[in-house]
Protein chains: 2
Amino acid sequence: MGRPSSHADVFAAIAEPRRRSIIELLGREGEQPVGALVVALDLPQPVVSKHLAVLREVGIVAVTRRGRERVYRLSPRQLKAVHDWVSTFEKHWTHQLGRIKRRAESLGKE
Amino acid sequence: MGRPSSHADVFAAIAEPRRRSIIELLGREGEQPVGALVVALDLPQPVVSKHLAVLREVGIVAVTRRGRERVYRLSPRQLKAVHDWVSTFEKHWTHQLGRIKRRAESLGKE
DNA sequence: TTGACATATGCAAGTAACGGAATATGATTG
DNA sequence: CAATCATATTCCGTTACTTGCATATGTCAA
């Protein structure tokens with residue numbers, strides 16, 4: 001069976017490599033019209049528009065119409081949601097680092 | 001066309017809601033044998049095993065065999081990778097918060 | 001060794017999501 | 001209004017992911 005209808009799921013949205021590229025680009029360069037994204041990513045315009053639609057529906061990006069262009073920008077709230085979720089497990093890797101460090105120290109004493 | 005063969009992609013791995021449930025459970029309760037996960041999540045055992053396989057291939061979980069059980073635990077390195085990626089955009093929501101805050105303050109003065 | 005238990009794996013079927021090409025929508029210019 | 005530019009949307013073929021069921025693998029106990 002296909003996906004269990006992951007409609008408007010942020011995690012599904014950022015699962016696509018090209019969508020992450022779009023996010024990274026908007027993050028680095030700031031707001032961009034679709035045409036600029038098409039050029040920068042070297043993808044067909046409909047492909048970019050469709051990925052933008054997904055990101056828009058999920059709320060990762062927001063649009064403003066400027067003349068005949070549509071300028072996209074990051075809308076970070078949803079990315080923060082992902083950040084918050086992953087942060088839940090932060091203690092796991094900090095603890096693990098601590099363990100590795102302690103082990104290294106005890107090995108050094110031998 | 002289907003997915004561009006996102007083999008062993010952490011983002012694809014955490015896109016699945018049930019897999020996130022497994023991650024959350026292991027995060028809260030610590031290491032668990034498959035059977036415990038099956039009970040806790042109320043899913044068929046093969047489904048759980050397959051999701052665990054995906055998480056294992058990506059390196060989000062690790063296994064230890066204990067008798068006839070297999071005990072799974074979080075292996076946080078890959079989750080940290082996600083955390084690092086999302087953290088790249090942290091400034092965007094902190095800036096946005098700042099903007100909202102400033103706007104609230106200036107509205108309060110009127 | 002035989003049987004029971006714990007988990008993994010194989011196969012088939014359904015479906016959702018992606019890309020490509022064509023087209024629609026909407027705004028600007030002449 | 002017609003033509004052009006910028007972007008969105010639709011239709012379609014393909015593919016990969018998930019599930020269900022059946023079965024294989026491996027471990028312990030008697």
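The chains referred to below are lettered A, B, ... by the order of the sequence lines, with proteins before strands, and numbering in each begins at 1. All heavy atoms count here, side chains included; hydrogens, waters and symmetry mates do not.
Contact annotation: the side chain of I60(A) never approaches that of V54(A) to less than 4.5 Å [non-hydrogen atoms, C-beta and beyond].
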Practice prompt. In sequence, state the C-alpha distance, the side-chain angles, and the governing distance for K50(A) and R18(A), and then conclude on side chain to side chain contact (heavy atoms under 4.5 Å, CB included).
Written response: CA-CA 11 Å; K50(A) 281 178 214 168; R18(A) 289 164 231 268; over 6 Å; no
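For E16(B) and dT15(C), the CD to P distance is 16 Å, given to the nearest whole Å. Between I22(A) atom CD1 and dG19(C) atom P the separation is 10 Å, expressed in whole Å. Separating the CG atom of L52(A) from the P atom of dT7(D) is a distance of 10 Å, rounded to the nearest angstrom. Atoms CG (L55(B)) and P (dA8(C)) sit 12 Å apart, rounded to a whole Å. Atoms CZ (R56(B)) and P (dT7(C)) sit 12 Å apart, rounded to a whole Å. Computed from coordinates, the F11(A) CZ to dC17(D) C1' distance equals 19 Å when rounded to whole Å. Whole-Å rounding puts the K50(A) NZ to dA21(C) P distance at 11 Å. Put simply, CZ on R65(A) is 9 Å from C1' on dT7(D), counting in whole angstrom units.
An OP1 or OP2 oxygen of dC17(D) is reached within less than 4.0 angstrom by no side-chain nitrogen or oxygen of H51(B). Look at Y72(A) and you won't find any side-chain N or O under 4.0 angstrom from OP1 or OP2 of dA6(D). When the side-chain nitrogen and oxygen atoms of R18(A) are compared with OP1 and OP2 of dG19(C), one or more of them lie within a distance under 4.0 Å.
Proximity of a side-chain donor or acceptor of R20(A) to a complementary backbone N or O of I14(A) within less than 3.5 Å is detected.
Counting any heavy atom pair closer than 4.0 Å across all strands shown, R19(A) reaches sugar-phosphate atoms only and no base atom.
Annotation: of the two residues near DNA chain C, R66(A) and V48(B), the 5′-most nearest-nucleotide partner is V48(B). Residue order along DNA chain D, read from the 5' end via each residue's closest nucleotide, puts V54(B) first among P46(B) and V54(B).
Here dG20(D) is the nucleotide among dG19(C), dT28(C), dG20(D) with the atom lying nearest to any side-chain atom of V47(B). Side-chain atoms of R70(A) lie closest to dT7(D) of the nucleotides dT27(D), dT7(D), dA8(C). In this structure, of dA6(C), dA22(D), dA21(C), it is dA6(C) that holds the atom nearest to the side chain of R68(B). Of the candidate nucleotides dT7(D), dT27(D), dT7(C), dT7(C) has the atom lying nearest to any side-chain atom of S49(B).
Between the side chain of Q45(B) and the base of dA8(C), a donor-acceptor pair under 3.5 Å is found.
The pair E24(B)-R19(B) does not count as a salt bridge, with every side-chain nitrogen at least 4.0 angstrom from each carboxylate oxygen.
Ring pair W85(A)/F89(A) is perpendicular by interplanar angle, where above 60° counts as perpendicular and below 30° as parallel.
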